[in-house]
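A note on names: the letters A, B, ... follow the listed sequences, proteins ahead of strands, and every chain is numbered from 1. Note that this is a predicted model, so its numbers are computed, not measured.
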Amino acid sequence: MHLYKTIKSFLFDQEYFIDMYQKYIHVYSFVDIVTLEEEKIILQMPTFLLTMEGKEFRILKLTKNEILIEGILESLMVKNES
Amino acid sequence: MNHNACWIQIDAKEQTRFLLKCFKLKIPIYETKTTNEFLYLKINEEDYAKVKKFWFVKVKKCGVTGFKKLKEVLYFHRVFLFCGLVGIILLFFLSHIMVSVQVIHSSKNIRDVVKNSLKEKGIRKNSWRKSYQEIEQIKDSILEEYPDLLEWLEIEIKGMNYIVRVEERKKETIEKEKTSCHIVAKKDGLVKEMIFDKGEARVKVNDSVKKGDILISGIITKDNEEKGIVCASGEVFGEVWYTISVSVPMKYQIKERTGKKRWNLRFRNLYYDNLLLKSRIESFEEERKSIVNIFGNELFFVTQYEVKNIEKSYSEEEALEKALNEGISKLQSTFGEKDKILAKKVLKKEVNNSTMNVEIFVAVEENIGQEQEFVKE
């Protein structure tokens, strides 16, 4: 387990990250799902609120701190809570 | 993580609520697929019990993955897999069993010697196939065992059979050339014909000779003077007389089918040859038809025809003819190529206790000469 944790901390050395691909959005280390709709998804990140707007959003993978979304992203908004 | 995963199906309309609930309960979702009506999700097997309790949606399990899936697939195809496995084992078994050993050579003696030697070394009918190295060793050891008899030996594997080809070692027989010999009579008789290319004739056609008489001499003379010595060679045919005694029973038995028949099964192998069902006919003749033959274990379908023994008698003429034929054929079995019967006659016949005793006189023309070496004093 120690080895696994070491490798993981080496690979995921950021507190959070957001990956964007042509049709996919991958968000790592989100805290909560605020809104989950076909055209709008709002995720609570550690220090801000992430709002994604677009079309045909669909959840492909969902774990306690990671989400993979398929869909056409039209806008991405970061709202700092502080 | 996914070793014990399963696929579940839910109503697509309730997917948002379902996903949020899963997130709240920390139920990981590894994969999703959607259709118009349903959403399919891959979750851990142990989480299935949790999601099944969701009151707002009907959850249906529709498949497993990982080791469980493998187990399911194996179980579903168990008959096919079992047959395949049995087939492979059978194929392996059959391709390693040899059902016959065939030794190819014109001489029975050599065939028997090689067969026995092979048997001792483990190359026999219905045995496990030997490896190439073992066969090579066996070949060499047989050739070493019979250096004067065998020149060359090859053991070939053809399907489930051993084919053994043998070459005999030809001996160079240096025949000692005889330098001085006579042709002498081996039986009493009357000279009928003489053919010779070496030597000097001591008898003429129609001369009566006794056993041991010189017929063609190896000593060449001229004017009573010895001129040289050769090994006489030739053939002297003489008339020889035989008296043969033959006894023939006047009664004989024949088997006649009554028309009644029954069916049975017969099993035969090297050690066993018996009917499988109890025979309901006491005396019968049977016709066999092979049904199956596996490694020398053969099963026959048998038709048994009931027969009864009928006793018959020969007339005197028939008995006499039979006795003559028997006597002549017995004599002919000792004949050479050019020997022939000149005359035959019944000397005496008498019937005693259902047996006919016949004495036959036979005159035969045969080669009465044989080579005999002599030493010049």
Side-chain angles (χ1 to χ4, degrees), chain A residues 1-9 11-12 15-46 48-74, chain B residues 1-70:
Chain A
M1 281 312 280
H2 175 70
L3 185 68
Y4 172 72
K5 275 181 184 168
T6 311
I7 293 169
K8 198 175 173 185
S9 67
L11 293 171
F12 299 99
E15 195 186 347
Y16 61 85
F17 56 74
I18 303 157
D19 298 320
M20 282 172 59
Y21 305 92
Q22 198 179 357
K23 275 183 79 181
Y24 302 97
I25 306 133
H26 176 223
V27 182
Y28 177 73
S29 204
F30 72 98
V31 179
D32 196 6
I33 301 171
V34 180
T35 308
L36 183 63
E37 289 168 10
E38 208 170 306
E39 289 170 353
K40 190 179 184 181
I41 296 174
I42 303 172
L43 299 177
Q44 175 69 60
M45 299 300 285
F48 58 91
L49 212 62
L50 180 70
T51 308
M52 288 170 276
E53 283 181 350
K55 282 179 202 164
E56 297 163 18
F57 281 146
R58 197 165 76 82
I59 306 297
L60 291 183
K61 248 178 197 185
L62 178 67
T63 61
K64 63 178 180 183
N65 61 349
E66 203 174 352
I67 188 167
L68 179 64
I69 303 156
E70 185 190 30
I72 301 156
L73 183 69
E74 286 173 348
Chain B
M1 190 166 61
N2 282 358
H3 292 311
N4 289 316
C6 69
W7 281 94
I8 56 165
Q9 173 198 294
I10 61 160
D11 193 342
K13 287 173 196 163
E14 299 295 339
Q15 59 174 299
T16 309
R17 201 171 178 186
F18 183 87
L19 289 167
L20 288 170
K21 185 82 177 166
C22 284
F23 178 71
K24 271 181 190 155
L25 291 174
K26 291 179 179 148
I27 296 170
I29 293 160
Y30 301 115
E31 206 177 326
T32 63
K33 284 175 193 169
T34 47
T35 61
N36 289 339
E37 285 180 53
F38 300 108
L39 174 69
Y40 295 93
L41 302 112
K42 193 174 166 185
I43 60 168
N44 282 330
E45 180 93 40
E46 57 263 30
D47 291 332
Y48 175 64
K50 289 182 199 168
V51 298
K52 208 164 162 48
K53 286 177 188 165
F54 294 176
W55 59 271
F56 56 90
V57 68
K58 195 179 173 187
V59 180
K60 194 177 157 192
K61 197 175 181 180
C62 54
V64 288
T65 62
F67 186 64
K68 265 203 161 179
K69 175 81 178 173
L70 181 70

Heavy-atom distance under 4.5 Å to chain B: side chain of A:F30, backbone, both or neither? side chain

Taking the cut-offs as 6.0 angstrom to the six-membered ring centre and 45 degrees off its axis, would you call B:K61 and B:Y48 a cation-pi pair? yes

So that I know where these two stand, are B:F18 and B:F23 an aromatic pair - ring centroids less than 6.0 Å apart? no

Quick check for you: among A:L60, A:L68, A:T63, A:I67, which has the greatest number of heavy-atom pairs under 4.5 Å with chain B? A:L60

Counting only non-hydrogen atoms closer than 4.5 Å, does B:I27 touch chain A with its backbone (N, CA, C, O), its side chain (CB onward), both, or neither? backbone

Between B:I8 and B:C62 the two heavy atoms that sit nearest each other are C-SG, 4.0 Å

Largest heavy-atom contact set with chain B, pairs under 4.5 Å, which of A:E70, A:E38, A:K64, A:K61: A:K61

According to the interplanar angle, ranging from 0 to 90°, do the rings of A:Y28 and A:F17 count as parallel (below 30°), tilted (30 to 60°) or perpendicular (above 60°)? parallel

Row check, B:W7 ring normal vs B:K33 NZ/CZ: under 6.0 Å, within 45°: yes

Checking B:K24 against chain A: side chain, backbone, both or neither under 4.5 Å from a heavy atom? neither

